[in-house]
Asks: 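Got a structure for you, written out below as structure tokens; questions coming shortly.
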Amino acid sequence: PLLTDLYQLTMAYGYWRSGLADRDAVFHLSFRKAPFGSGFTVAAGLEPAIEYLRGYAFTAEDIEYLRSLTGTDARALFSEEFLRYLQGLRLTCDVDAVPEGTVVFPHEPLVRVRGPILQAQLIETALLNIINFQSLVATKAARVVLASGGRTVLEFGLRRAHGPDGGLSASRAAFLGGCAATSNVLAGQKFGIDVRGTHAHSWVMAFPDELTAFEAYAEAMPNNVLLLVDTYDTLEGVRNAIAVGRKLRARGSKLIGIRLDSGDLAWLSIEARRLLDEADFTEAKIVATNDLDEEVIASLIAQGARIDVWGVGTRLVTAFDHPALGGVYKLGAIRDEGGEWERRLKVSEQALKTSIPGVLQVRRFTGGSRAAGDMIYDTLDGEPAEPVIIDPGDPTRRKSLEDCSWHDLLVPVFRGGSLVYDIPPVAASREHALAELSAFHSGVKRIRNPHIYPAGLEKRLHERRTELIFQARGER
């Protein structure tokens, strides 16, 4: 519970003091803009968020720390009665969420929390921390995999990740987003992800010459021979790898391939492929590493690079070009003293930051096997009246979704604080992500200047939101 911002606890104390602690409220976790200039985002992080919520309880040590906090007058920040309340607190919220691997879009709730406002407030920071980062990396991974054009992508980023937890979370999210394996052995153990790796430049440098190093590695691990060839002269390294490959073949083993980690990867891969094929190592793979991302991979493929496997590290696990998703957690409705729901709205001078009121759900419409559009609607209004969506940023843009099938994206996860959701293994979530992406037009998945997928508000929700904006501004 202390994985939070202090203001969550000060607000909780305020709710408790004001008699509002048990007032029913609804919060939505969403994001305002897709990362990386992407046309889509892949939702991730639900399983670790569930594990966080399942174990939510203040320990005696937590309470002792909170007892030590003081205000500007050097007196205790929290009363003893409130601290006793926290120590006995157990979550009783209803939580709904989109399954991991679901393709989502700006303004759509990824998580909906309904329950006592004090509880729903306390879990905000951790939910954002978990969902934001893993969705960010899963989206980056999906973009890299799409750019690879069906070639294998491996995640090799642990050494450059943002700390041990960042590395572990990134490996999980990258696999969910489509990477085939990881170099992170702990992620392999914890999540059942395939692990890959052979040797580094230091192995070659530890021997008198490159050929001796390759031979020693092949002797030690004849079932895992993929040789890094660019320690000295890259093409000479390929020739040395071929020499070792011939010896392996004579002993009944094989050369898996070579790895390129520097230089002109397009030209070097073309030349390496020529040398390997001429030596009858047509099945040997060429693996490329070295600060790769979707833009570099797309460029190399356009240049005719003969690369079979992409090892992507720093730019993937750090989300190098867009380091935060920018997810938000906003109050959508609260019950009044009589038990009636009051919709709530945050207004901003920036239209993008104006929130969406209500108890929200997302309905995805499908025409044939292709996703046609998403509708955000307020469940307090019941079923949507008609299949028309309105762009939340431009009300003149509307789309009818007649003659489409549909399904709602948010599914029950917790009811009254008890888990009601069967958590799939991360491999199943990865398959879900791949299937989800296949349902979208290729234009939505373009690396640059993607098509904008239609995701908008149900008509009644749009009208009510507009009315509440006018009211908040003192206008009619």
Side-chain angles (χ1 to χ4, degrees), residues 1-32 45-46 48-95 97 109-136 162-166 168-169 323-334 344-348 350 353 355 414 417:
L2 299 192
L3 182 66
T4 190
D5 296 301
L6 179 61
Y7 79 166
Q8 310 291 10
L9 286 157
T10 59
M11 283 190 288
Y13 186 43
Y15 291 138
W16 181 80
R17 286 289 301 268
S18 303
L20 294 176
D22 294 325
R23 185 71 60 86
D24 243 1
V26 174
F27 288 81
H28 303 99
L29 188 158
S30 62
F31 60 94
R32 296 168 176 145
L46 180 57
I50 288 171
E51 294 306 319
Y52 170 80
L53 295 173
R54 289 174 79 178
Y56 195 92
F58 286 86
T59 66
E61 185 181 6
D62 295 335
I63 298 300
E64 190 60 34
Y65 174 73
L66 294 178
R67 184 176 287 119
S68 73
L69 300 180
T70 59
T72 56
D73 58 0
R75 302 171 79 175
L77 200 58
F78 304 111
S79 72
E80 284 297 318
E81 189 178 0
F82 177 66
L83 294 177
R84 286 194 296 273
Y85 171 87
L86 287 184
Q87 191 155 18
L89 181 68
R90 297 297 180 270
L91 295 184
T92 59
C93 294
D94 293 348
V95 179
L110 279 60
V111 180
R112 186 181 71 209
V113 179
R114 173 176 170 172
I117 192 169
L118 180 148
Q119 296 181 26
Q121 192 77 68
L122 283 175
I123 61 179
E124 171 184 0
T125 298
L127 288 180
L128 284 169
N129 176 272
I130 295 166
I131 301 294
N132 274 346
F133 181 65
Q134 294 217 18
S135 298
L136 184 71
H162 294 154
D165 178 67
L168 195 61
S169 297
L325 179 61
V328 295
Y329 186 85
K330 296 300 179 186
L331 178 67
I334 188 169
R344 294 296 168 91
L345 172 102
K346 174 194 177 295
V347 178
S348 173
Q350 297 173 264
K353 290 191 173 184
S355 65
F414 286 91

Asks: So, Ser68 side chain and Tyr65 main chain: donor-acceptor pair closer than 3.5 Å or not?
Replies: yes

Asks: Taking atom CG of Leu136 and atom CG of Leu325, what is their separation to the nearest 0.5 Å?
Replies: 6.0 Å

Asks: Does any part of the side chain of Leu53, heavy atoms only, come nearer than 4.5 Å to the side chain of Leu127, both counted from C-beta?
Replies: yes

Asks: First locate atom OG of Ser169, then atom CG of Asn129, and finally report the distance between them rounded to the nearest 0.5 Å.
Replies: 8.0 Å

Asks: Give a yes or no on this: more than 12 heavy atoms of other residues, nucleotides or ligands lie within 6.0 Å of atom NZ of Lys353.
Replies: no

Asks: Quick check: closest heavy atoms across Gln87 and Ala60, and the distance to 0.1 Å?
Replies: NE2-CA, 3.6 Å

Asks: Could you walk me through whether Glu51 and Arg54 pass salt bridge (charged side-chain N to carboxylate O under 4.0 Å, His left out), step by step?
Replies: CA-CA 5 Å; Glu51 294 306 319; Arg54 289 174 79 178; 3.3 Å; yes

Asks: Which atom pair, heavy atoms only, marks the closest approach of Pro48 to Ile130?
Replies: CG-CG2, 3.8 Å

Asks: With side chain to side chain donor-acceptor pair (under 3.5 Å) as the rule and sequence neighbours excluded, what pairs involving residues 18-27 come up?
Replies: Asp24-Arg335

Asks: Only distances under 3.5 Å count here; give the side-chain donor-acceptor pairs of residues 110-123 to other protein atoms, sequence neighbours excluded, each with its distance to 0.1 Å.
Replies:
from	atom 1	to	atom 2	distance (Å)
Arg112	NH1	Leu360	O	2.7
Arg112	NH2	Asp96	OD1	3.3
Gln119	OE1	Thr92	N	2.7
Gln119	OE1	Thr92	OG1	3.4
Gln119	NE2	Thr92	OG1	3.2
Gln121	OE1	Tyr15	OH	2.9
Gln121	NE2	Gln8	OE1	3.1
Gln121	NE2	Glu124	OE1	3.0

Asks: Apply side-chain contact (heavy atoms from CB on, under 4.5 Å) to Leu69 and Leu6, showing your working.
Replies: CA-CA 10 Å; Leu69 300 180; Leu6 179 61; 4.1 Å; yes

Asks: Quick one: does Arg17's side chain get under 4.5 Å of Phe82's, heavy atoms only?
Replies: no

Asks: Measuring from atom OH of Tyr329 to atom CD1 of Ile131, what distance do you get when rounded to the nearest 0.5 angstrom?
Replies: 11.0 Å

Asks: Any side-chain heavy atom of Leu86 within less than 4.5 Å of one from Phe78?
Replies: no

Asks: Which pair of non-hydrogen atoms, one from Ala21 and one from Tyr85, has the smallest distance, and what is that distance?
Replies: CB-OH, 4.0 Å

Asks: Hey, what do you get for CD1 (Ile334) to CG (Leu20), rounding to the nearest 0.5 Å?
Replies: 6.5 Å

Asks: Can you label the angle between the Tyr13 ring and the Trp16 ring as parallel, tilted or perpendicular, going by 30° and 60°?
Replies: parallel

Asks: Nearest 0.5 Å, what's the CD1-CG distance between Ile63 and Leu83?
Replies: 5.5 Å

Asks: Does the side chain of Arg67 reach to within under 4.5 Å of the side chain of Glu80, using non-hydrogen atoms?
Replies: yes

Asks: Just verifying a value: how many Å separate Leu66 CG and Glu61 CD, rounded to the nearest 0.5 Å?
Replies: 11.0 Å

Asks: Is any side-chain heavy atom of Phe414 closer than 4.5 Å to one of Ile50?
Replies: yes

Asks: Apply side-chain contact (heavy atoms from CB on, under 4.5 Å) to Leu29 and Leu128, showing your working.
Replies: CA-CA 7 Å; Leu29 188 158; Leu128 284 169; 3.7 Å; yes

Asks: How close do Ser355 and Lys346 get, counting heavy atoms only, and between which atoms?
Replies: OG-N, 2.7 Å

Asks: Heavy-atom count check: over 12 atoms from other residues, nucleotides or ligands less than 6.0 Å from Arg75 CZ?
Replies: no

